[in-house]
Amino acid sequence: MPRGGRKAFSGIMGWKNVLEPLPAKTLLDYFRFAASSGKAELLVSKIGGSWTPLSAAEFAERTEGLALGLALLGVDREDRVAILSENRPEWPMADFAALSLGALTVPIYTSYLAPQVEYILRDSLAKVAFVSNAIELQKVVDVRDRCPELRHVIVLDHVPWSAGKATPFETVVQKGLAALRADPGAFEERASAVLPGDLATMIYTSGTTGEPKGAILTHKNFVSNVSACSALFDVDGDTVALSFLPLSHVFERMVDYLYFSRAATVTYAESIDKLSENFAEVKPHCFAAVPRVYEKMLTRVQAAVDKAPALRRAIFSWGVKTGARRLAILDAEKVPGVFLRLKYALADRLVFGKIKARLGGRFRFAISGGAPLSREVAAFFLGAGVEVYEGYGLTETSPVLACNRPGEWRLGTVGRAIPGVTLRLAADGEVLAKGPNIMEGGYWRKSEETAKVFDEDGWFRTGDIGSFDAEGFLSLTDRKKEILINAYGKNIAPAPIEAALKSVRYISSAVLIGDRQKFLSALIVPNFEKLESWAHASGVTFRDHDELVKDPKALSLIRQAIDILNGDEPHERQIRAFTLLTDDFTIEGGELTPTMKIKRRVIAEKYRDVIESMYRDAESGGSASEAGPAGA
């Protein structure tokens, strides 16, 4: 089909011709390519306050030494090696070292508490665990007696009290290097024995709807996904990427393999909290993130604009409207007229250039995955010429199934299926998938659960409800297991309603309630920065957040916004009651997964009394405002 508008849009950033993907059979081929690239700055991380590069030669030597060091500890084919660490150069070293021995890596989020770490170590039968620092080491020390298969703990940082509890990373590397000097071919002899169909990793699902399951992926699963995705995005040896989504997440893991397959420079961010600072220092060309990161970026931009003088606010508003008009034309596959192009060029200079500067000034593209990206957020960035492409996939699919891409995108969708993947809809609207990236190992020790996610013809059941447009672009409406069924048997998809709530400037987070209930309600966390500004301007006095969410005027403000959203919606989709919370949902609190997905069952249990009170008050004739605020 003609895609003139799309091409004009992707041409903004001056894309080069996409290189052919590096032919690979196993993930170790990506290691070999990057290691032999001769790059002086292959991996970069901040050490002692300074960005410190690691050359390709150093990366190769230390990884090979680590591999033989692990072999001396008894790691062999199909053993499990856990990695409990934030993103840093030692993460891919541990990963490739284990893979070269035919072992499986088992990533664990650093946000997990000791009981969650114990579950994964025990269930996976991990023989070795890498831990990054004293905090992560303590989690393993606390549960080690209950993990009988765990033989060795290797700590990356120097931890004074670790003697007798863990082996220093450097010790393992040096012992392996000694073995390598004695037998220079030892590493490649083991690595060359690894085959495409061999098991590569066991990644535990977030457990939004139940007990975490270890999805087993092969080298072929990952390689097929990297190969397909690398053909869609311009990444080469001159690319500088910023890695900050946890490598424990399958999305960042695959993206980093893609970087290695092109010998791109991978720079590891210090933390999410320091992203703004790191963008300015690193000046990345690209990165991958979950929607929450883009939402926070937009919130910061809007907060800065709110504090600006009236003239700057007016210019910003004009620029956003100009970008939106241009985006609408491009999305309709048309070419903007001369006058609009001139206006956009001015808007880019006065408004959008400042946004791009926040990303370091040489930004090319970003990819969003892990959860749905709201249409409003995507439209803002695309309208500003900040190319954020939304994709879709699951842990079990290695992970990408579909994605928007330069020259081929559609706002409000997750794009078309990537090369090699076939998607279709079941009778109930569930998205089904087939392809070489679908997990071949199933769920570890869960044969019944494995059987349930494949239909009789071998199609993988994603659990997502979606639809295709005439040109094959996929739109997702909700998770099949998260569909709310009210007391009258009506099915209600919560995600679109929650997205609408979060589009309100005074709302930060929202969770829809209504399963087996007569009507919908919502738990809402305000955007306190904006709500406080409104309160000051409206003469509302308060001492703290608890007092602010109890204020009748504040409750009325949220009620009015909800009434507008309710509009002409069918009765079953209208929100009748709500409760304002003072604390946001967090990973540490257990309400969110490490990829920022809400755990509905956890929230329903944690706020059970609040929810029961809200429905009781509403059904007795009280208004939503009278439902009042509450905490856990």
Side-chain angles (χ1 to χ4, degrees), residues 1-18 232-234 279 283 285-286 294-295 297-368 373-390 403-416 469-473 475 500 503 505:
M1 74 174 204
R3 310 211 57 81
R6 301 285 193 271
K7 289 179 181 176
F9 179 67
S10 67
I12 298 169
M13 304 307 295
W15 292 88
K16 296 180 290 184
N17 291 327
V18 177
L232 307 177
F233 294 94
D234 184 17
F279 276 128
K283 297 177 174 56
H285 295 110
C286 60
Y294 302 105
E295 291 168 4
M297 288 180 182
L298 178 54
T299 297
R300 285 196 295 269
V301 170
Q302 292 173 331
V305 171
D306 288 344
K307 296 175 182 177
L311 179 59
R312 285 182 57 190
R313 292 200 303 271
I315 293 173
F316 180 83
S317 177
W318 168 82
V320 170
K321 290 177 182 177
T322 300
R325 283 195 292 271
R326 176 176 175 276
L327 181 64
I329 292 172
L330 292 173
D331 197 39
E333 299 182 16
K334 298 178 181 179
V335 178
V338 175
F339 184 59
L340 181 55
R341 291 203 300 271
L342 289 173
K343 288 177 65 178
Y344 182 81
L346 182 59
D348 188 51
R349 181 176 180 181
L350 297 177
V351 179
F352 304 143
K354 293 179 173 62
I355 296 173
K356 295 170 186 175
R358 286 173 174 260
L359 296 174
R362 58 179 184 179
F363 169 83
R364 293 180 190 166
F365 69 91
I367 306 173
S368 178
L373 179 67
S374 78
R375 185 185 180 95
E376 292 76 16
V377 174
F380 173 82
F381 283 112
L382 288 171
V386 177
E387 301 189 29
V388 177
Y389 296 104
E390 182 176 11
C403 70
N404 288 290
R405 59 206 77 163
E408 192 173 323
W409 57 272
R410 179 150 296 169
L411 189 62
T413 77
V414 295
R416 287 171 161 163
D469 68 10
E471 296 176 332
F473 286 86
S475 296
S503 71
R505 62 189 282 112

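Bear in mind the structure is a predicted one, so any value in this text is a computation, not a measurement.
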Visitor: I'd like a table of donor-acceptor pairs (distance under 3.5 Å, sequence neighbours excluded) in which one partner is a side-chain atom from residues 317-324, with atom names and distances.
Guide:
| unit_1 | atom_1 | unit_2 | atom_2 | d |
| --- | --- | --- | --- | --- |
| Thr322 | OG1 | Trp318 | O | 2.9 |

Visitor: Without swapping roles, check the side chain of Lys354 against the backbone of Leu350 for a donor-acceptor pair under 3.5 Å.
Guide: yes
Visitor: For a quick test of reading the model, state the closest non-hydrogen atom pair linking Arg410 to Asn404 and the distance between them.
Guide: N-OD1, 2.9 Å
Visitor: Begin from the C-alpha positions of Val377 and Met297 and carry the test side chain to side chain contact (heavy atoms under 4.5 Å, CB included) through to its verdict.
Guide: CA-CA 10 Å; Val377 174; Met297 288 180 182; over 6 Å; no
Visitor: For residues Arg416 and Phe473, report the shortest heavy-atom separation together with the two atoms involved.
Guide: NE-CE1, 3.7 Å
Visitor: Using the rule given for side chain to side chain contact (heavy atoms under 4.5 Å, CB included), can you reason through Ile367 versus Cys403, listing the C-alpha separation, both sets of side-chain angles and the distance that settles it, and then say yes or no?
Guide: CA-CA 9 Å; Ile367 306 173; Cys403 70; 5.8 Å; no
Visitor: Does any part of the side chain of Phe365, heavy atoms only, come nearer than 4.5 Å to the side chain of Pro406, both counted from C-beta?
Guide: no
Visitor: How far does CG of Asp348 sit from NZ of Lys356, to the nearest 0.5 angstrom?
Guide: 3.5 Å
Visitor: Mind listing the closest non-hydrogen atom pair of Leu330 and Pro336 along with its distance?
Guide: CD2-CD, 3.8 Å
Visitor: Hey, could you give me the CZ/CZ distance between Phe233 and Arg405, rounded to the nearest 0.5 Å?
Guide: 7.5 Å
Visitor: For residues Ala379 and Leu327, report the shortest heavy-atom separation together with the two atoms involved.
Guide: O-CD2, 3.5 Å
Visitor: Please tell me if the side chains of Ile355 and Phe380 come closer than 4.5 Å, counting only heavy atoms from C-beta onward.
Guide: yes
Visitor: Short question: side chain of Glu390, backbone of Leu373 - any donor-acceptor pair under 3.5 Å?
Guide: yes
Visitor: Please walk me through it: do Tyr344 and Phe352 pass side chain to side chain contact (heavy atoms under 4.5 Å, CB included)?
Guide: CA-CA 9 Å; Tyr344 182 81; Phe352 304 143; 3.4 Å; yes
Visitor: Taking all non-hydrogen atoms of both residues into account, name the closest pair between Glu387 and Leu382 and its distance.
Guide: CA-CD2, 4.1 Å
Visitor: So, the side chain of Arg313 versus the backbone of Ala308: is there a donor-acceptor pair under 3.5 Å, distance only?
Guide: yes
Visitor: Does this structure show an ion pair linking Arg505 with Asp306, if we count only N-O contacts that are shorter than 4.0 Å?
Guide: yes
Visitor: Is a donor on one side and an acceptor on the other found under 3.5 Å between the side chain of Arg362 and the backbone of Lys283?
Guide: yes
